[in-house]
S.K.: 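What follows is a single structure, and I will ask about it in a moment.
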Amino acid sequence: MHYIMTNNQIEIIDALDFDPVKIFECGQCFRWNADGEGVYTGVFRGHAAKVFHDGDRICIRASEGTAPEELVDYFDLDRNYEEIRRSVAIDSHMRSASDFGKGIRILRQDPWEALCSFIVSQCNNIPRIKKIIESLCLMFGEPICFEGRTLHTFPSADTLAGLSSRELEPIRCGYRAEYIIGAARAVSCGALDLGALARSGYDEALRALKTLNGVGDKVANCVILFGLNMLGAFPIDVWMKKTLAKHYGDGFSPSVFGEYAGVAQQYMFFYARFGEK
DNA sequence: AAACAGGCCTAAA
DNA sequence: TTTAGGCCTGTT
């Protein structure tokens, strides 16, 4: 992937394996929204940005003071997804899935945001998940001005740790409010050190995350994959359960996909959800 | 109107 | 170790 970094912006020259629609709509993130023709605006790690096509190139323009290196990191631009697609295309189904999902990248999201977001996602649908997260940010995040609009950052664990579940009621997240506050308090007081988990192994991360009330295997694996950037994590939700049963029967193990099983999962999920028949 | 939605927890076998 | 029912809320 070749790109040019300037001030707070990146221009991707050969935008192979970079499809904004797939990246933002494949279900890994909740804070990027399409506004207008192929333009996405979002907030990540305290910065606002927009992503758009500029001729053959893709341009990522972030808010004032965002280092381009931050964009390289968040969009994982130095990783070779073509190679990953080859490595997970182990059979005809995965060849179709990885071909259909070509252009997806796993964003390196803030671990706390990923934890909180995937707690909200449980037993819920995407429009409602997005609505809940937006009101959470509107109420408790910091405002950022970006291109004439006021957006809001994701509130810190410290901020949410000081709230009662009653104060969270306006965001209408139901029983998940207590889970959110419990997680916020664990992170805030240091009982759960997400930074340390990012440097630990998968097993330790899974164990630690599951000590939180409201975090089971599925949510924990989403946090590990999307927030800790361990690309072997393999979240299994209802869609994955169905498609795994269909194509692999029982006795399936994610290890057949190797170290990038999590990327395979994302291709398979996206294909089952939007592509297959 | 009743079921369902990108799980998790608890209680009970 | 596996299974059933309940959980907030909004939508169909």
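To find a chain, count down the sequence lines: A is the first, B the second, and so on, and within it residues start at 1.
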S.K.: A:Arg85: what forms a salt bridge (Lys or Arg N to Asp or Glu O under 4.0 Å) with it, not counting sequence neighbours?
M.R.: A:Asp17
S.K.: Are A:Met230 and A:Leu107 in one and the same hydrophobic cluster, where Ile, Leu, Val, Met, Phe, Trp and Tyr link if side-chain heavy atoms are under 4.5 Å apart?
M.R.: no
S.K.: Taking only the side-chain heavy atoms of A:Arg176 (C-beta and beyond), determine which of C:dT11, B:dG6, C:dC8 contains the nearest atom.
M.R.: C:dC8
S.K.: Check step by step if side chain to side chain donor-acceptor pair (under 3.5 Å) holds for A:Asn221 and A:Tyr202.
M.R.: CA-CA 9 Å; A:Asn221 274 286; A:Tyr202 170 82; 2.6 Å; yes
S.K.: Take the protein atom NZ of A:Lys131 and the nucleotide atom C1' of C:dC8, then report the distance between them rounded to whole Å.
M.R.: 14 Å
S.K.: Would you say the rings of A:Phe18 and A:Tyr81 are close, in the sense that their centroids are separated by under 6.0 Å?
M.R.: no
S.K.: Which is true for A:Leu212 with a 4.0 Å heavy-atom rule: it touches a base, it touches only sugar-phosphate, or it touches nothing?
M.R.: sugar-phosphate
S.K.: For C:dT11 versus B:dC8, give the span between their P atoms, rounded off to a whole number of Å.
M.R.: 24 Å
S.K.: Given pairs defined as Watson-Crick or G-U wobble with both distances under 3.5 Å, what dot-bracket annotation applies to DNA chain C, with ( ) intrastrand, [ ] crossing, | other strand and . unpaired?
M.R.: |||||||.||||
S.K.: Tell me if the centroids of the rings in A:Phe234 and A:Phe252 come within less than 6.0 Å of each other.
M.R.: yes
S.K.: A:Ile133 has an atom CD1; how far is it from atom P of B:dG6, in whole Å?
M.R.: 14 Å
S.K.: Whole angstroms only, please: what is the CH2-P distance between A:Trp239 and B:dC4?
M.R.: 14 Å
S.K.: Using the P atoms only, state how far B:dG6 lies from C:dT2, rounded to an integer number of Å.
M.R.: 25 Å
S.K.: Roughly how many Å is it from CG in A:Leu168 to P in C:dT9, rounded to a whole number?
M.R.: 12 Å
S.K.: Measure distances between side-chain N and O atoms of A:Tyr175 and base N and O atoms of B:dG7, and say whether any donor-acceptor pair falls under 3.5 Å.
M.R.: yes
S.K.: When the P atoms of C:dC8 and B:dA11 are considered, how many whole Å apart are they?
M.R.: 15 Å
S.K.: For the side chain of A:Cys123, counting heavy atoms from C-beta on, which of C:dT11, C:dC8, B:dC9 is nearest?
M.R.: C:dC8
S.K.: Assert yes or no for the condition that the ring centre distance of A:Phe269 to A:Phe274 is strictly below 6.0 Å.
M.R.: no
S.K.: Map A:Lys210 and A:Asn124 onto DNA chain B by nearest heavy atom, then report which one ends up closer to the 5' terminus.
M.R.: A:Asn124
S.K.: With a 4.0 Å cut-off on heavy atoms, is A:Ile126 in touch with a base, just the backbone sugar-phosphate, or nothing at all?
M.R.: base
S.K.: Looking at A:Phe270 versus A:Phe100, is the centre-to-centre ring distance below 6.0 Å?
M.R.: yes
S.K.: Distance between the P atoms of B:dC4 and C:dA4, in whole angstroms?
M.R.: 15 Å
S.K.: Is there a side-chain contact between A:Arg172 and the phosphate of C:dG10, meaning an N or O under 4.0 Å from OP1 or OP2?
M.R.: yes
S.K.: Which whole-number value in Å describes the distance from A:Lys242 NZ to B:dG7 P?
M.R.: 10 Å
S.K.: What is the distance from CD1 of A:Ile132 to P of B:dG6, rounded to the nearest Å?
M.R.: 13 Å
S.K.: With a 4.0 Å cut-off on heavy atoms, is A:Gly27 in touch with a base, just the backbone sugar-phosphate, or nothing at all?
M.R.: base
S.K.: Examine B:dG6: is either OP1 or OP2 under 4.0 Å from a nitrogen or oxygen in the side chain of A:Lys130? Give yes or no.
M.R.: no
S.K.: Can you measure A:Ile119 atom CD1 to C:dC8 atom P for me and round it to whole angstrom units?
M.R.: 16 Å
S.K.: Kindly say whether, by distance alone, the side chain of A:Arg128 makes a donor-acceptor pair under 3.5 Å with the base of C:dC8?
M.R.: yes
S.K.: Quick check with a 6.0 Å cut-off and a 45 degree axis cone: is A:Lys50 positioned over the face of A:Phe52's six-membered ring?
M.R.: yes
S.K.: Just the rounded figure in Å: distance from C1' of C:dC7 to CD of A:Gln122.
M.R.: 10 Å
